[in-house]
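Here the structure is laid out as structure tokens; the discussion comes afterwards.
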Amino acid sequence: MKQVKVISAAEAAALVKDGDVILGGGFGMTGNPVNILHELAKTSTKDLTFVANNVGEPNMGGGRLLNNGQLKKMIGSFFTSNPEAVKAAQEGKVEYELIPQGTLAEAIRAGGAGIGGFYTVTSVGTKIAEGHETKIIDGVEQVFVKGIRGNVAIIRAWKADTAGNLQYRMTEQNFNRAMATAADLVIAEVQEIVPLGQLDPNEIHTPGCFVDYLVERKLTEEDLGSSASTGSKKVDDLRMNMAKRAFSELQKGDVVNLGIGIPTLVADLIQPEDGIILHTENGMLGVGPEPTDGGGAMKYPVNAGKVPVTALPGSSYFDSADSFAMIRGGHIDVAIMGGLEIDEAGNLANWAVPRKPLLGVGGAMDLASGAKKLIITLSHTDRAGNSKVVPECTLPLTAHQCVDMCITELAVFKYINGKLTLIEVMPGSTLEEVRAKTAAKFEEKLS
């Protein structure tokens with residue numbers, strides 16, 4: 001059995017050359033090879049292309065490289081954690097490519113598998129798909145996405161043996177597993193290196209043949225940033241009413257994905273006897289409530305909102321590519337997401353506002369097109385009093401004709417026979433108020 005060379009974080013950083021394409025593992029601050037990336041930020045290496053889910057974490061990873069002027073291009077699902085990343089992109093100081101989270105994961109997996117690319121319904125008819133080849137497959141329009149490979153993959157695992165076999169912990173697989181297969185040179189930063197034979201072959205996630213170098217560095221809570229401690233949720237009666245109404249749509253046995261914002265409140269309403277299985281796109285099925293002991297990501301998995309959560313009996317962990325295969329493959333029964341606009345045709349806009357900082361596309365496009373049922377929760381009007389339920393979306397679209405139900409603080413709408421239909425007036429509101437504050441035309445079918 002081969003022995004993989006163990007080097008320091010500084011030696012690992014020195015292996016990166018000017019102009020390299022870097023694949024950087026991690027989701028938020030979990031599974032993030034922060035020590036190697038910190039060392040890379042100390043070098044004069046430049047003209048790099050950095051590929052990661054979130055490029056912009058301000059004091060970590062790609063954020064430091066960007067702030068140092070070391071990046072020529074950034075490719076990812078989010079740039080919003082770092083205002084400098086947004087500013088640099090909008091001012092043209094650095095090239096950028098925004099890719100839906102599931103598409104990014106699958107593109108990396110394809111690159112690692114020697115597959116040139118693939119077709120997907122995700123992002124069809126949106127700004128993200130502009131310039132891409134499309135094709136009708138089985139009567140459905142799909143977008144071609146090229147596979148992604150890097151010169152160097154810098155990833156994070158929990159344990160490694162001396163042959164380079166890797167074992168990940170909880171939701172730290174995320175992008176790391178696919179990235180480990182998709183670069184010419186793979187460097188794995190790990191918490192611990194153990195002798196050959198100590199890792200059960202059944203529990204090895206990345207075989208050693210993919211790994212070229214190991215760096216042993218212990219993580220601390222400081223390394224994990226905001227993911228190191230439990231988060232907080234904004235709760236008021238109006239938001240909770242919307243969450244309760246969304247919860248009432250769920251049935252026993254449903255596999256459900258909850259977006260950030262109001263949808264996260266639904267998780268607190270679910271009891272074990274409800275039999276509802278929560279999915280989070282960064283790699284977990286069977287998500288439980290937030291921990292009550294104040295523990296953070298050193299002790300618990302995290303959800304897609306980077307909030308520590310507990311694992312219910314029967315939970316499972318997997319990587320981001322498998323997670324989005326569940327979504328695109330129709331294995332998610334219900335997705336509950338926030339929105340910026342919905343319209344009469346069931347179109348959704350929830351990821352970008354023109355002339356404002358990029359929100360990041362995340363996994364919304366994948367979920368909107370892949371979930372069996374899509375429920376949108378949003379405030380009925382914006383701060384200026386303008387309706388968010390509109391005749392036709394004016395903001396950049398997330399997906400076409402994808403919304404099944406919309407819940408606001410004023411009303412509940414469903415699309416019945418393809419038509420926007422008011423089915424319920426929320427507590428504290430009136431039919432007259434709903435009519436006055438809704439720009440879209442709708443039918444009424446109140447019980």
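Here, residue 1 is the first one in the sequence, and each next residue gets the next number. Please read these numbers as outputs of a predicted model, since none were measured by experiment.
With Asp366 as the fixed residue, the side chain to side chain contact (heavy atoms under 4.5 Å, CB included) test singles out one of Ser77, Ser323, Pro100: Pro100. When each of Gln173, Glu172, Gln191 is checked for a side-chain hydrogen bond (donor to acceptor under 3.5 Å, both in side chains) with Arg156, only Gln191 meets the rule. Considering Asn347, Thr122, Asn350 as possible partners of Thr398, the one that fulfils the side-chain hydrogen bond (donor to acceptor under 3.5 Å, both in side chains) test is Asn350.
A donor-acceptor pair under 3.5 Å is absent between the side-chain atoms of Glu433 and the main chain of Leu410, judged by distance alone. Without hydrogens or angle criteria, Asn241 side chain to Leu238 main chain gives no donor-acceptor distance under 3.5 Å. A donor-acceptor contact shorter than 3.5 Å is absent between the side chain of Asn174 and the backbone of Ser320. When atom types are taken as modelled, the side chain of Gln70 and the backbone of Leu40 share a donor-acceptor pair closer than 3.5 angstrom. Side chain of Asp343 to main chain of Cys393: a donor-acceptor pair is present (N/O by atom type, distance under 3.5 Å, no hydrogens or angles). For the pair Thr421 (side chain) and Tyr415 (backbone), a donor-acceptor distance under 3.5 Å is absent. Side-chain atoms of Asn68 come within 3.5 Å of backbone atoms of Ala41 as a donor-acceptor pair (strictly under, hydrogens ignored). Listed for the Ser123 side chain is no donor-acceptor partner under 3.5 Å among the backbone atoms of Thr126. Between the side chain of Asp254 and the main chain of Gln251, a donor-acceptor pair closer than 3.5 Å is present. At least one donor-acceptor pair closer than 3.5 Å links the side chain of Thr310 to the backbone N or O of Pro289.
A 6.0 Å sphere centred on CG of Asp293 holds more than 12 heavy atoms belonging to other residues, nucleotides or ligands. No more than 12 heavy atoms of other residues, nucleotides or ligands shown are found within 6.0 angstrom of NZ on Lys419. Around the CD atom of Glu392, the shell of radius 6.0 Å holds no more than 12 heavy atoms that belong to other residues, nucleotides or ligands. No more than 12 heavy atoms of other residues, nucleotides or ligands sit less than 6.0 Å from atom NZ of Lys46. Heavy atoms of other residues, nucleotides or ligands lying less than 6.0 angstrom from CD1 of Ile260 number 12 at most.
Between Leu367 and Met337 the shortest side-chain heavy-atom distance falls below 4.5 Å. The shortest side-chain heavy-atom distance between Ile423 and Met405 falls under the 4.5 Å cut-off. The shortest distance between side-chain heavy atoms of Met298 and Leu219 falls below 4.5 Å. Residues Leu37 and Ile154 have side chains in contact (heavy-atom distance under 4.5 Å, counting atoms from C-beta outward). Under the 4.5 Å side-chain criterion, counting only non-hydrogen atoms from C-beta, Leu104 is not in contact with Arg109. At least one side-chain heavy atom of Asp404 sits less than 4.5 Å from a side-chain heavy atom of Lys373. Between Ile36 and Ile187, some side-chain heavy-atom pair lies under the 4.5 Å cut-off. For the pair Glu290/Pro308, no side-chain contact is recorded, criterion being any heavy-atom separation below 4.5 Å from C-beta on.
The aromatic rings of Phe413 and Phe442 lie perpendicular to each other, with more than 60° between the two planes, well past the 30° mark.
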Discussion item. Please evaluate residues Arg149 and Val21 with respect to the criterion side-chain contact (heavy atoms from CB on, under 4.5 Å), reporting the C-alpha separation (whole Å), side-chain torsions for both, the decisive distance (0.1 Å), and the verdict.
Written reply: CA-CA 8 Å; Arg149 284 190 61 87; Val21 175; over 6 Å; no

Discussion item. Does Glu141 form a salt bridge (Lys or Arg N to Asp or Glu O under 4.0 Å) with Lys135? I'd like the steps, not just the answer.
Written reply: CA-CA 6 Å; Glu141 185 178 7; Lys135 188 174 184 179; over 6 Å; no

Worksheet item: Can His205 and Tyr168 be said to form a ring-ring contact (aromatic ring centres under 6.0 Å, His included), step by step?
Response: CA-CA 7 Å; His205 300 113; Tyr168 304 96; 5.7 Å; yes

Practice prompt. Give the C-alpha distance, both sets of side-chain angles, the deciding distance and a yes or no for salt bridge (Lys or Arg N to Asp or Glu O under 4.0 Å) between Arg239 and Glu409.
Written response: CA-CA 7 Å; Arg239 292 164 64 88; Glu409 75 278 17; over 6 Å; no

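Side-chain contact check for His380 and Ser387: no donor-acceptor pair (N or O, by modelled atom type) lies under 3.5 Å.
The NZ atom of Lys388 sits 2.5 Å away from atom OG of Ser379, with the distance rounded to the nearest 0.5 Å.
In this structure, Arg245 pairs ionically with Glu424, as a charged nitrogen and a carboxylate oxygen lie closer than 4.0 Å.
Residues forming a salt bridge (Lys or Arg N to Asp or Glu O under 4.0 Å) with Asp382 (at least two apart in sequence, or on another chain): none. The salt bridge (Lys or Arg N to Asp or Glu O under 4.0 Å) search around Lys72 returns none, not counting sequence neighbours.
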